[in-house]
Student: 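First, the structure itself, so that you have it in front of you.
Computed from a predicted structure; not experimentally measured. First the proteins, then the strands, lettered A, B, ... as listed; each starts at 1.
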Amino acid sequence: MKFSLLQIAQLLSAQIEGNAQVEISNVAKIQEAKTGDIAFLANPKYEPYIYTTQASAVIVNKDFQPKQAVSATLLRVEDAYTAFSKLLLEYEKLINSPKKGIEQPCYIHEKAIVGENVYVGAFTYISEKAQIGSNTQIYPNVFIGENVKIGENTIIYAGVKIYKNCVIGNNCIIHAGAVIGSDGFGFAPQTDGSFQTIPQLGNVVIEDNVSIGANTTIDRATLGATLIKKGVKIDNLVQIAHNVVIGENTVIAAQVGIAGSTEVGANCMFGGQVGIAGHLKIANKVNIGAQSGLGTDITQENTNWQGSPAIDLKEFYRAYAVFKKLPEIYKKLTQIERQLQED
Amino acid sequence: MKFSLLQIAQLLSAQIEGNAQVEISNVAKIQEAKTGDIAFLANPKYEPYIYTTQASAVIVNKDFQPKQAVSATLLRVEDAYTAFSKLLLEYEKLINSPKKGIEQPCYIHEKAIVGENVYVGAFTYISEKAQIGSNTQIYPNVFIGENVKIGENTIIYAGVKIYKNCVIGNNCIIHAGAVIGSDGFGFAPQTDGSFQTIPQLGNVVIEDNVSIGANTTIDRATLGATLIKKGVKIDNLVQIAHNVVIGENTVIAAQVGIAGSTEVGANCMFGGQVGIAGHLKIANKVNIGAQSGLGTDITQENTNWQGSPAIDLKEFYRAYAVFKKLPEIYKKLTQIERQLQED
Amino acid sequence: MKFSLLQIAQLLSAQIEGNAQVEISNVAKIQEAKTGDIAFLANPKYEPYIYTTQASAVIVNKDFQPKQAVSATLLRVEDAYTAFSKLLLEYEKLINSPKKGIEQPCYIHEKAIVGENVYVGAFTYISEKAQIGSNTQIYPNVFIGENVKIGENTIIYAGVKIYKNCVIGNNCIIHAGAVIGSDGFGFAPQTDGSFQTIPQLGNVVIEDNVSIGANTTIDRATLGATLIKKGVKIDNLVQIAHNVVIGENTVIAAQVGIAGSTEVGANCMFGGQVGIAGHLKIANKVNIGAQSGLGTDITQENTNWQGSPAIDLKEFYRAYAVFKKLPEIYKKLTQIERQLQED
């Protein structure tokens, strides 16, 4: 496949600077691009590569000012990263087409309802009364429990397990190995030191446009639903405990753990390996830095947190800068004490 | 299904306060309950809901003193949480019945032994000489290796993988995607900087009444057994390395990691994302707070730990309270130094 | 199977001390060994067991000086741990033989290419144009995507999922439930607060002699490849994000997370639960202690890091030793201030 730069410029509402006659046949990273490739530059860290790249064209921000000669044709846009991702989306549509058809052997219960143009891979198991919406793709080795409802245009990758009664929306992507609806971790202590399992009778509800990462686990509620609201993006190996609610468009990086019954607001961002205790409420637009541990409610929107336990981000970094000086501080203090005693 | 409040009161040895004639058809959270539902109140954080709930009945602790009028009938019990979980157990028995029968296609080796009333889901693989006890349920897409022994009344959810020679007890629950018996992480460094894999010839032994969470991994021992003793409860995405021993009734929250050869006592509780180094010994009844990192033996029972590296819980929180003041401390110290030099 | 001690001594180039006539039938841990077993002693922590063990023979370091009488025959070698692992390797070859043959039902696309002496377990799915090298073993319930290339003598355990276009080398081991090639976590923020998925069109390339742990996830690159170089050893539940590069013979313990586009050098060692931010460069032979969080490049080889954010290991431990004294420091400082004001 070859594209003219004019086609691409039109798609991205870009201004062409340089040779407009180049032909593009592939997309690539700026540091690896070859003739015929189009790349992009958004993160200033990668600017040096634009002066050496062999890419035929590079998408840049409107206000990019080269400090040296650039041989590639520039496509100036409002936001280079967004424009490039738009280009990737179009390119992906050309090279990938959705899978369709029911492969054999698979197990579809006679009381399951499967919509139009659905893909069901071999060795996938669809239980009684499950419903699969049209144009949804279910890869091989997937388990769909009783009475599960899955919307339209959703992709369920290989080896996903969805327990009974869970609900998945439209346009969702669930990556390989994710587990939706496993029992919440609830046990009542007994007098002999052992624990009685508390039945988990609720489900998991995942709204539209949600992404769930590979091998992520989301537990079913004890009663009611563990709720992932629309537009939420969850990375790999994340743990969402029972009865948790995640607000719209919140983004959760890999290996985060959120304990039971916590309610997270909309448009929050949690860095990798963050841990959040149970029964908390977190306001909208809260950012929590990687590896932080949250133990209290956050009531104020638009705040940034860091540390374990997490405190205000700036306060944390100011304190941590001094933390390194603790041996020096301790020494000075001891000297002062001695000096004062001598006085 | 409808139940009279008298039936429920009898089951829970509860004292009825209010209208004893209400009929109950469902269990619900106090903040979401509707007419016909029974809810419970144990955590004081949820007390406000008891004055507004539409639940027909609420289970409360014996000594609960309402501060306002409550319209629901109260069921007073010794311990509301335990009583409610007992009710859930009975309710679950009514709505769920154990699965039975061998679904096709599945793969059961001719030298495998399968007990009575066993459920084997489609696409499940049972290897040579494996033994499955009576009334055990094995969901679809499970892999059971050679010579694995599984007890009675155990539930193995979809996509669990159990490597050869491992032993699983009675009344266990293993959630979807868990991996039991993968190779321990052992490599001998070579002079060229590469590593030689050390064969892991042991197994994993899981005793009775153990719960294992979704996508949790438990490695086989190099020699002998990685041992999970009876009554242990392990949450999702936990890592248990080779040769580890976990004592009876220990509870391990999500994303905890325990390195090789560590021996954990009985009745311990580890919070989420705790990390424990290898070759340690931990006494009974030790609590380690979320995200803590343990690097030394704990010889004293009934102790509480926090931080990375973990220290005494109270000591940690006292120190962390001052940590936030470090910039202030540093400033003061500098001022004092200056003052003393001027003197 | 019985072996003479002479055979074993020859294999390990060991010097025999004591009764050379004993027969060995099994390998065992020194603390559990019985008559007929051979054990080893490398870690001094286990030395007391050598005076009480019932093992018939124990492999020890050349320079081991017993402090009491030892009844077992000693095999003195250059390095006891390496010798023991060599013995285990030989023993494993005797008791395990590689699996072969295609079990039914499995799904092998007619355009897939499968080499000689390959094992394909039941319920395994091999997509169009996938290539499987000779002597490779693929356990049940595995998913291999389109155009995936797997080398020779590689073992893919049960339930592994490999997305399309990924490349796996020779002599690799991928443990159960691992996911290779899931989408990188990339989303472009939109003006309404939602996120647009950025297509991930690259792949994952895993070179020769690599081990990947159970339920570990490695994301495909946006463009180009996420690259795991030869000899790398990765433990369970590790997250490797898109576009990451891991240098040769680097060892990564369980539950580590490495964010997007970071380049890790060769011969590094990362402890459990380490978190590494995106777009970093890490030099060769860098050690990062368990639970540490790295937020900046490391340009110096042979350095040791600890803490979150990570600093020099020794500096961290010196500071942390004083951290515990912070309440005392704060008290002293306040006293000094008061004293100076009174002066």
Student: Would you compute the distance between atom CD of A/E92 and atom CD of C/Q200 and round it to the nearest 0.5 angstrom?
Tutor: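 A/E92 CD to C/Q200 CD: 9.0 Å, rounded to 0.5 Å.
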
Student: What is the minimum heavy-atom distance between A/S85 and C/A188, and which atoms define it?
Tutor: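 What the structure gives for the nearest pair is OG-CB, 3.7 Å.
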
Student: Can you list the residues of residues 288-295 of chain C that sit under 4.5 Å from chain A, counting heavy atoms only?
Tutor: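 At a heavy-atom separation under 4.5 Å, chain A is reached by C/Q291, C/S292, C/G293.
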
Student: Using the rule given for side-chain contact (heavy atoms from CB on, under 4.5 Å), can you reason through C/V322 versus A/I329, listing the C-alpha separation, both sets of side-chain angles and the distance that settles it, and then say yes or no?
Tutor: CA-CA 9 Å; C/V322 184; A/I329 289 175; over 6 Å; no

Student: Find the distance between OH (C/Y320) and CG (A/L326) and round it off to the nearest 0.5 Å.
Tutor: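 That separation rounds to 11.5 Å.
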
Student: Between chain A and each of C/G224, C/G159, C/G193, count heavy-atom pairs under 4.5 Å; write down the option with the most.
Tutor: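 Ranked by heavy-atom pairs under 4.5 Å with chain A, first place is C/G193.
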
Student: Determine, for A/Y157 and C/K161, whether the Lys NZ or Arg CZ falls below 6.0 Å from the six-membered ring centre while staying within 45 degrees of the axis.
Tutor: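 Verdict for A/Y157: no cation-pi partner in C/K161.
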
Student: Is chain A contacted by the side chain of C/V160, its backbone, both, or neither, given a heavy-atom distance below 4.5 Å?
Tutor: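 Contact with chain A: none, neither part.
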
Student: I'd like to know whether CD of A/E301 has more than 12 heavy-atom contacts from other residues, nucleotides or ligands below 6.0 angstrom.
Tutor: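 Atom CD in A/E301 is crowded, with more than 12 foreign heavy atoms closer than 6.0 Å.
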
Student: Does A/Q255 use its side chain to pair, donor to acceptor, with the backbone of C/V256 at less than 3.5 Å?
Tutor: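 Yes: the side chain of A/Q255 pairs with the backbone of C/V256.
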
Student: Looking at C/K164 and A/N96, what are the two nearest heavy atoms and their distance?
Tutor: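 Heavy-atom minimum between the residues: NZ-OD1, 2.9 Å.
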
Student: For A/A122, which atoms come within 4.5 Å of any heavy atom of chain C: side chain, backbone, both, or neither?
Tutor: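 Both backbone and side chain of A/A122 come within 4.5 Å of chain C.
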
Student: Taking atom NZ of C/K314 as the centre, report whether more than 12 heavy atoms of other residues, nucleotides or ligands fall under 6.0 Å from it.
Tutor: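 Open: at most 12 neighbouring heavy atoms sit under 6.0 Å from NZ of C/K314.
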
Student: Would you compute the distance between atom OG of C/S194 and atom CG of A/N267 and round it to the nearest 0.5 angstrom?
Tutor: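 Interatomic distance, C/S194 OG to A/N267 CG, rounded to 0.5 Å: 9.0 Å.
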
Student: C/V142, C/D183, C/V238, C/L237: which one forms the most heavy-atom pairs within less than 4.5 Å of chain A?
Tutor: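 Winner by heavy-atom pair count: C/D183.
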
Student: Please test A/L89 against C/T197 for side-chain contact (heavy atoms from CB on, under 4.5 Å), starting from the C-alpha separation and ending with a verdict.
Tutor: CA-CA 8 Å; A/L89 277 171; C/T197 300; 5.6 Å; no

Student: Measure distances from A/I155 to the heavy atoms of chain C and classify the residue's part below 4.5 Å as side chain, backbone, both or neither.
Tutor: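 No part of A/I155 comes within 4.5 Å of chain C.
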
Student: Between A/Y46 and C/H279, what is the ring plane arrangement, given parallel below 30°, perpendicular above 60°, and tilted in between?
Tutor: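 It falls in the perpendicular class, over 60°.
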
Student: Between A/E328 and C/R318, is there a side-chain N and carboxylate O pair less than 4.0 Å apart?
Tutor: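 No.
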
Student: Find the distance between CG (A/N236) and CD (C/Q239) and round it off to the nearest 0.5 Å.
Tutor: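 Rounded to the nearest 0.5 Å, the CG-CD separation comes to 4.0 Å.
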
Student: Do other residues, nucleotides or ligands put more than 12 heavy atoms under 6.0 Å from the NZ atom of C/K149?
Tutor: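 Buried by this count: over 12 neighbours within 6.0 Å.
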
Student: Output the distance between atom CG (A/N43) and atom OG (C/S261), rounded to the nearest 0.5 Å.
Tutor: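 A/N43 atom CG to C/S261 atom OG measures 9.0 Å (nearest 0.5 Å).
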
Student: Looking only at heavy atoms, what is the nearest atom pair of A/F316 and C/S308, with distance?
Tutor: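 Taking A/F316 first and C/S308 second, the nearest heavy atoms are CZ-O, 3.8 Å.
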
Student: Quick check: closest heavy atoms across A/L333 and C/K332, and the distance to 0.1 Å?
Tutor: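 Shortest heavy-atom contact: CD2-CB, 3.9 Å.
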
Student: Rounded to the nearest 0.5 Å, what separates atom OG1 in C/T124 from atom CZ in A/F123?
Tutor: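 These two atoms lie 7.5 Å from each other.
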
Student: Is the ring centre of C/Y163 less than 6.0 Å from the ring centre of A/H175?
Tutor: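 Under 6.0 Å, so yes.
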
Student: Among A/E248, A/Q306, A/E103, which residue forms the greatest number of heavy-atom pairs with chain C at distances under 4.5 Å?
Tutor: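 Among A/E248, A/Q306, A/E103, the one with the most close pairs to chain C is A/E103.
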
Student: Any idea which of C/C106, C/A241, C/A321, C/G181 has the most non-hydrogen atom pairs under 4.5 angstrom with chain A?
Tutor: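 Counting heavy-atom pairs under 4.5 Å, the top option is C/C106.
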
Student: Between A/Q104 and C/Y107, does any side-chain donor sit less than 3.5 Å from a side-chain acceptor?
Tutor: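 No donor-acceptor contact under 3.5 Å links the two side chains.
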
Student: Checking C/L201 against chain A: side chain, backbone, both or neither under 4.5 Å from a heavy atom?
Tutor: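 For C/L201, the contact with chain A is made by the side chain alone.
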
Student: Can you tell me which residue among A/V251, A/T250, A/V232, A/N209 is in a side chain to side chain contact (heavy atoms under 4.5 Å, CB included) with C/F195?
Tutor: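 The single option meeting the side chain to side chain contact (heavy atoms under 4.5 Å, CB included) with C/F195 is A/V251.
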
Student: Taking side chain as everything from C-beta outward and backbone as N, CA, C, O, which of these in C/D312 sits under 4.5 Å from a heavy atom of chain A? Side chain, backbone, both or neither.
Tutor: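 The answer is neither part of C/D312.
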
Student: Using non-hydrogen atoms and a 4.5 Å limit, figure out which bit of A/P105 sits close to chain C: side chain, backbone, both or neither.
Tutor: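 Contact with chain C involves the side chain of A/P105 alone.
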
Student: To check you understand the geometry: which heavy-atom pair defines the closest contact between C/I311 and A/F323, and what is its length?
Tutor: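 Smallest interatomic distance, heavy atoms only, reads CD1-CE2, 4.5 Å.
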
Student: Is it the case that more than 12 heavy atoms not belonging to A/K29 sit under 6.0 Å from its NZ atom?
Tutor: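 Enclosed.
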
Student: When only pairs under 4.5 Å are counted, which of A/I336, A/T334, A/I234 shares the most heavy-atom pairs with chain C?
Tutor: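 Counting heavy-atom pairs under 4.5 Å, the top option is A/I234.
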
Student: Are there residues of residues 215-223 of chain C that reach to under 4.5 Å of chain A by heavy atoms, and which ones?
Tutor: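 At a heavy-atom separation under 4.5 Å, chain A is reached by C/N215, C/T216, C/T217, C/D219, C/T222, C/L223.
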
Student: Around atom NZ of A/K233, are there more than 12 heavy atoms of other residues, nucleotides or ligands at under 6.0 Å?
Tutor: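 It does: A/K233 NZ has more than 12 such atoms within range.
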
Student: Please check if atom NZ in C/K129 has more than 12 non-hydrogen atoms from other residues, nucleotides or ligands closer than 6.0 Å.
Tutor: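 No, the 6.0 Å shell around NZ holds no more than 12 heavy atoms from other groups.
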
Student: Under a 4.5 Å heavy-atom cut-off, does chain C meet the side chain of A/K325, its backbone, both or neither?
Tutor: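 For A/K325, neither part sits under 4.5 Å from chain C.
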
Student: Using a cut-off of under 4.5 Å for heavy-atom pairs, which of A/K230, A/K86, A/E32, A/E337 has the most such pairs with chain C?
Tutor: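 Option with the greatest count: A/E337.
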
Student: If you compare all heavy atoms of A/Q273 against all heavy atoms of C/V274, which two are closest, and at what distance to 0.1 Å?
Tutor: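 Shortest heavy-atom contact: NE2-O, 3.2 Å.
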
